[in-house]
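Here's the structure, in structure tokens; my notes come after.
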Number of protein chains: 2
Amino acid sequence: MSIRYGLLALLQRQPMYGYQLRGEFEASTGGTWPLNVGQVYTTLFRLERDGAVAATGHVESDDPELQKTYAITERGCAELADWFATPVSRSRPPRDELAIKLAMAIASHGVDVAAVIQGQRTATLRSLQDYTRLKSRSDEVELSWLLVLDSLIFNAEAEVRWLDHCEARLVRFAPQGASPPGPPAQKGAAPLDSPPGALPPESATSSVRSRS
Amino acid sequence: MSIRYGLLALLQRQPMYGYQLRGEFEASTGGTWPLNVGQVYTTLFRLERDGAVAATGHVESDDPELQKTYAITERGCAELADWFATPVSRSRPPRDELAIKLAMAIASHGVDVAAVIQGQRTATLRSLQDYTRLKSRSDEVELSWLLVLDSLIFNAEAEVRWLDHCEARLVRFAPQGASPPGPPAQKGAAPLDSPPGALPPESATSSVRSRS
DNA sequence: CGGGTATGTATACTCCGTATAGTGGCCCGG
DNA sequence: CCGGGCCACTATACGGAGTATACATACCCG
């Protein structure tokens, strides 16, 4: 429901019409999550249906049926406040395609897991470079966009760390019979002990300490 | 499309019927991503429509219309191999509700961003503790489930780091006018300089090095 | 025998994501 | 001046994901 509440938050600043909402949404996240215009209208329809926004019929221009402007209602404000007050639940995390892929690859025969890990690692590192490059040449941008970019960076770094972790686990748990069927697993593609560029395994020992 | 390919991978091991697929899918990820039975059937229908699986009509039992068994086809194998060979693209990352929420909170007036961050941090740390507890009392479980669990841990840790990073940024960029409208921001809830439990800011300086 | 539970299949509905249709204003060249 | 292309803007269609629920059979148990 990110879109619903995102639009609601934008409408709390000032009333807007559909197309404008799309622009503001993308601007807030620096174009990280392009928003299809169609979703704006369907979401606005649902918001109006639920009484969270109200369409102040065509603007004061004499031309009807053009530029319906939407404004947030009391009900919408309450819903939005609730969203901000409630933390995002991790009890049912969104499906992680990479995690599913690796889990399936491990349990399947004839799949070169090491190659999958390597390919993903390369792709993620490339994205990481793109992110840092974007970040370096961004002086006068919005703070929110910078933080969203940092979020992408932190997540990509975690992904690389996890891939290294998986690789290390795999060579420790199943070095005897490396995928009997299928094409001969090119073991040269995967360094077999702690890789030179790997990060210290600070995770998996719970290095994040609580504070209060 | 994680479900589609997940089911395909399971069917590559052996032919199965719908309900069985659900059980295997959940078992592969240790129940992390519960799969609704309905999705299995709709996905199987689409897979059959696209020629990736073939339904070997009711099993050899004499009772028709019960227990349709599905088997992967050549076309399905090719599609699956393609999935394993192509890394998950980060060019259009999935929408991160937390990142959107914080970006919106920053640009909105009258929202106590520090409180949002603190609430989320607490919730994420609690999830992290649940994960590590699960991990500690798991001796004889599948390797894939262990790695999925590690993925959750790595992601949650990255989230906590990012939240600390955001907090630090916020107090550096806008300490002068702390949310003029709205309820008085309780600044006591947020430690204002480097928090005692915070991790070293190894990210944002790109500590993940390339190798190979 | 009757009911509760597990197994198993199927359908309905909402939301997300993307593509595309369709309209009116604006510029710009013949 | 006018006709075509482009842009801003609204709207609808369609497939996939996610959830709930209907429906049937089988098995256990009092």
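These numbers come from the heavy atoms of this one structure, side chains and all, not from hydrogens, waters or symmetry mates. Residue numbering restarts at 1 for every chain, and letters A, B, ... go by the order of the sequence lines.
- Judged by a 6.0 Å distance limit and a 45° cone about the ring axis, A:R22 is not positioned over the six-membered ring of A:F25.
- Proximity of A:F84 to B:K101: side-chain heavy atoms (C-beta onward) are separated by under 4.5 Å at one or more points.
- The CG atom of A:L7 sits 13 Å away from the P atom of D:dT10 (whole-angstrom rounding).
- The separation between A:W33 atom CH2 and C:dT18 atom P is 14 Å, rounded to whole Å.
- Following rounding to the nearest Å, B:F45 (CZ) and C:dA10 (P) show an atom-to-atom distance of 11 Å.
- With axes fitted over five pairs at each extremity, the angle between the ends of the helix from C:dC1-D:dG30 to C:dG30-D:dC1 is 20° (10° resolution).
- Using a 4.0 Å cut-off between charged side-chain N and carboxylate O, B:D164 and B:R161 make no salt bridge.
- Between A:R75 and A:D50, none of the side-chain N atoms (NZ, or NE/NH1/NH2) sits under 4.0 Å from a carboxylate O, so this pair counts as no salt bridge.
- Of the candidate nucleotides C:dA10, D:dA17, D:dT10, C:dA10 has the atom nearest to the side chain of B:K68.
- Look at A:R46 and you won't find any side-chain N or O under 4.0 angstrom from OP1 or OP2 of C:dT14.
- The nearest whole Å value for the distance from the CE atom in A:M16 to the P atom in D:dA8 is 16 Å.
- Annotation: proximity of residues 34-42 of chain A to DNA chain D (heavy atom, distance under 4.0 Å) is found for A:V37, A:G38, A:Y41, numbered in ascending order.
- Residue A:R95 is classed as a sugar-phosphate contact, given heavy-atom separations below 4.0 Å to backbone atoms only.
- Toward the 5' end of DNA chain D, the nearer of the two residues B:R49 and A:R92, judged by each one's closest nucleotide, is B:R49.
- Taking the six-membered ring for Trp and thresholds of 30 and 60 degrees, A:H165 and B:F154 have ring planes inclined between 30 and 60 degrees apart.
- Atom CD in B:E97 sits roughly 20 Å away from atom P in D:dA17 (whole-Å rounding).
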> Can you list the steps and then say if B:E157 with B:W162 is a side chain to side chain donor-acceptor pair (under 3.5 Å)?
Replying inline: CA-CA 9 Å; B:E157 285 178 353; B:W162 181 67; over 6 Å; no

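- Contact of the B:D96 side chain with the A:V148 side chain is not registered, since no non-hydrogen atoms from C-beta on lie closer than 4.5 Å.
- Residue whose closest nucleotide on DNA chain C sits further toward the 5' end, between B:G18 and A:M1: B:G18.
- Look at CG on B:L44: it is 12 Å from P on D:dA17, rounded to the nearest Å.
- In this structure, A:R121 does not pair ionically with A:E167, as no charged nitrogen and carboxylate oxygen lie closer than 4.0 Å.
- Distance, B:F25 CZ to C:dG8 P: 18 Å, rounded to whole Å.
- Side-chain N/O atoms of A:Y19 include none lying less than 4.0 angstrom from OP1 or OP2 on D:dT10.
- Taking the side-chain hydrogen bond (donor to acceptor under 3.5 Å, both in side chains) definition, one finds that A:T124 meets it with A:Q120, A:E159, sequence neighbours left out.
- Remark: P of D:dC9 and OH of A:Y17 are 4 Å apart, rounded to the nearest angstrom.
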